[in-house]
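What follows is a short report on a single structure.
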Amino acid sequence: QVQLVESGGGLVQAGGSLRLSCAASGRTFSSSPMGWFRQAPGKEREFVAAISWKGSTTYYAHFVRGRFTISRDNAKNTVYLQMNSLKPEDTAVYYCVAQRDGTASSLRSQYDYWGQGTQVTVSS
């Protein structure tokens, strides 16, 4: 059974940092693009960042570019999201996602596996 388990969420003040982790199990994702989406209360789930299976290519939503960094460790079957200079509008549940195969994408429909999410709250 494939599982994506997020950790690292929490409460932080504006301007602070958090590092999210996503541990994958049930199969190897070393050849799979992975990424992060988020959903704030009352809003649509939106793309945050994605990374190719090699880790050589990354994509970011415009509103996190320059502040967030996605990375992965294929030996650990884990993907990370380093979030710096956090803003109150970054408050959301953050979801880890993975494809079976393919190319990194910002489209929700491209992702086959989703984690349960981890809450990030940024206070002003």
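As the structure is a prediction and not an experimental result, all values here were calculated from the model.
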Is there side-chain contact between [X] and [Y], with at least one heavy-atom pair below 4.5 Å?
{"X": "Arg38", "Y": "Asp90", "result": "yes"}
{"X": "Thr91", "Y": "Gln119", "result": "yes"}
{"X": "Phe63", "Y": "Glu46", "result": "yes"}
{"X": "Ser105", "Y": "Gln99", "result": "yes"}
{"X": "Tyr113", "Y": "Arg100", "result": "yes"}
{"X": "Tyr80", "Y": "Thr69", "result": "no"}

Which pair of heavy atoms, one from [X] and one from [Y], lies closest together, and at what distance?
{"X": "Val97", "Y": "Trp36", "result": "CG2-N, 4.0 Å"}
{"X": "Cys22", "Y": "Leu4", "result": "SG-CB, 3.9 Å"}
{"X": "Ala92", "Y": "Ala40", "result": "CB-N, 3.8 Å"}
{"X": "Ser52", "Y": "Ser56", "result": "OG-N, 3.3 Å"}
{"X": "Cys96", "Y": "Val79", "result": "SG-CG1, 3.7 Å"}
{"X": "Asn84", "Y": "Ser17", "result": "OD1-OG, 2.9 Å"}

- Message: Is the terminal nitrogen or CZ of Arg27 (NZ for Lys, CZ for Arg) located under 6.0 angstrom from the six-membered ring centre of Phe29 and within 45° of that ring's axis?
- Response: yes

Should [X] and [Y] be regarded as members of a common hydrophobic cluster, given that ILVMFWY residues are connected when their side-chain heavy atoms come within less than 4.5 Å of each other, either directly or indirectly?
{"X": "Phe37", "Y": "Ile70", "value": "no"}
{"X": "Tyr111", "Y": "Ile51", "value": "no"}
{"X": "Tyr60", "Y": "Leu18", "value": "yes"}
{"X": "Leu81", "Y": "Trp53", "value": "no"}
{"X": "Val5", "Y": "Met34", "value": "no"}

- Item | Donor-acceptor under 3.5 Å (Asp73 side chain, Thr78 main chain) |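 No; judged by distance alone, with no hydrogens or angles, the pair does not exist.
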
- Query: Among Met83, Gln82, Glu6, which one satisfies side chain to side chain contact (heavy atoms under 4.5 Å, CB included) with Leu20?
  - Reply: Met83

- Message: Parallel, tilted or perpendicular: which one describes the rings of Tyr95 and Trp114, with boundaries at 30° and 60°?
- Response: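 Rings of Tyr95 and Trp114: perpendicular, over 60°.
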
- Would one find more than 12 heavy atoms of other residues, nucleotides or ligands at under 6.0 Å from atom CD of Gln116? no

- With rounding to the nearest 0.5 Å, note down the distance linking OG in Ser124 to CD in Gln13.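 Interatomic distance, Ser124 OG to Gln13 CD, rounded to 0.5 Å: 9.5 Å.
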
- To the nearest 0.5 angstrom, please state how far the CZ atom of Arg65 sits from the OG1 atom of Thr58.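 The distance works out to 9.5 Å.
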
